[in-house]
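First up is the structure itself, then whatever we jot down about it.
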Number of protein chains: 2
Amino acid sequence: MEIGDIDCGIRMIHEDTVDSVKRQMPKKEISGWLADFFKLFGDPSRISILWALSKAEMCVCDLCALLGMKQSAVSHQLKILKHSRIVKNRRDGKVIYYTLDDDHIEGVLKLGMRHILEEKP
Amino acid sequence: MEIGDIDCGIRMIHEDTVDSVKRQMPKKEISGWLADFFKLFGDPSRISILWALSKAEMCVCDLCALLGMKQSAVSHQLKILKHSRIVKNRRDGKVIYYTLDDDHIEGVLKLGMRHILEEKP
DNA sequence: TTATCATATGATCATTTATTAATATGAAAA
DNA sequence: TTTTCATATTAATAAATGATCATATGATAA
């Protein structure tokens, strides 16, 4: 129990613990990327879109019908997901089909789902 | 390629796909819980706090020192995490120690990290 | 070409959220 | 009891975000 230096306006009580953990922390840039990644899953609309795309390739208007969302709203979310390279699309005439573009996405969804189902009985 | 009913103001092109996926969709309530769960990981401060706690039990002021955050900010985030039963605490005199309160959390962090490290070379 | 359809984009608005400063609580030390 | 220290809480503010409306793009069909 040593009293360490001040960095953020308050005392540090366990300097050894802080030092040890500090060595195991990711760089700030990485934490930011991680948070940005999880933020993609932090909205019910995007969760539904991703879940749906994990089941089938779908076009925008099918997603609208499936989820009861405005076309514009779906398009905006798809743009975010595409920009994060979590989703990709292909054009066939006027129709644009979306699919998941990353092997990890379904795993993340399922891991989260497992947690939810255990937490809320 | 059938043209289906209208629900959200636009046409549904692939009715069979939509029907099939609809049967595999989680209920809205569940999508909401999922999003709320991932939202916890969608902020750099919380990511750092959770990562730190996955390495050691820590008190509030140690977290402040480690992360360079104001005590108030740390406390706010810990409150959110505790309320979501992702983190728990114990009191020892004036000091309150926090730990992860869920086996899944570290797994989620690591899965996300794996994704990040593959994406950003 | 013009009209139509599927999708994308831009601007705006309302809501949520993270941080801060100030203050309160609650336990130990003096 | 009074003071000090660790943490929590409240209120205010600024920034981020998701939905919507209106409009634009881009491809096919007439």
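Within every chain, numbering begins at 1; the chains are lettered A, B, ... in the order of the sequence lines, protein sequences first and strands thereafter. Hydrogens, waters and symmetry mates play no part in the numbers below; they use all other heavy atoms, side chains included.
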Residue met sooner reading DNA chain D from 5', once A:Ile80 and B:Cys59 are mapped to nucleotides: B:Cys59

Phosphate-side-chain proximity, A:Arg46 and D:dG18, N/O vs OP1/OP2 below 4.0 Å: yes

Nucleotide of C:dA27, C:dA18, D:dG18 approaching B:Ser45 most closely (side-chain heavy atoms): C:dA18

Atom-pair distance (CG on B:Asp36; C1' on C:dT15), nearest Å: 15 Å

Along DNA chain D (nearest heavy atom to each residue), the more 5'-positioned of A:Ser72 and A:Asp43: A:Asp43

Polar side-chain contact A:His76-D:dT17 base: donor and acceptor under 3.5 Å: no

Between P of D:dT25 and CZ of A:Arg91, the distance in whole Å: 14 Å

A:Arg90 atom CZ, over 12 foreign heavy atoms within 6.0 Å: yes

Nucleotide nearest B:Gln77 (side chain, heavy atoms from C-beta), chosen from C:dG10, C:dA8, C:dT19: C:dT19

Distance, rounded to the nearest Å, where A:Leu81 contributes CG and D:dG18 contributes C1': 13 Å

Nucleotide D:dA24, atom C1' - distance to NZ of A:Lys94 in whole Å: 17 Å

Rounded distance (Å) that lies between atom P of C:dA27 and atom OH of B:Tyr97: 16 Å

Parallel, tilted or perpendicular, as decided by the 30° and 60° cut-offs, for the rings of A:His115 and B:Phe37: parallel

Sugar-phosphate only, base, or nothing, as touched by A:Lys39 at under 4.0 Å among non-hydrogen atoms: sugar-phosphate

A:His104 side chain to B:Glu119 side chain, donor-acceptor N/O pair below 3.5 angstrom: no

B:Ile105, B:Ile49, B:Leu53 screened by side-chain contact (heavy atoms from CB on, under 4.5 Å) with B:Ile86, the one that passes: B:Ile105

Nucleotide nearest A:Met69 when distance is taken to its side chain, options D:dT10, D:dC21, D:dA19: D:dA19

Proximal nucleotide (of C:dA18, D:dT10, D:dT7) relative to the B:Ser75 side chain: D:dT7

A:Val95 side-chain proximity, nearest of C:dA21, C:dT7, D:dT7: C:dT7

Selection from C:dT20, C:dA8, C:dT9 that lies nearest to any side-chain heavy atom of A:Asn89: C:dA8

N/O (side chain, B:Tyr98) to phosphate O (OP1/OP2, D:dA8) under 4.0 Å: yes

Distance, rounded to the nearest Å, where B:Lys70 contributes NZ and D:dA6 contributes P: 18 Å

A:Ile49 CD1 to C:dT7 C1', straight-line distance once rounded to whole Å: 14 Å

Short side-chain to backbone donor-acceptor contact, B:Ser54 and B:Trp51, under 3.5 Å: yes

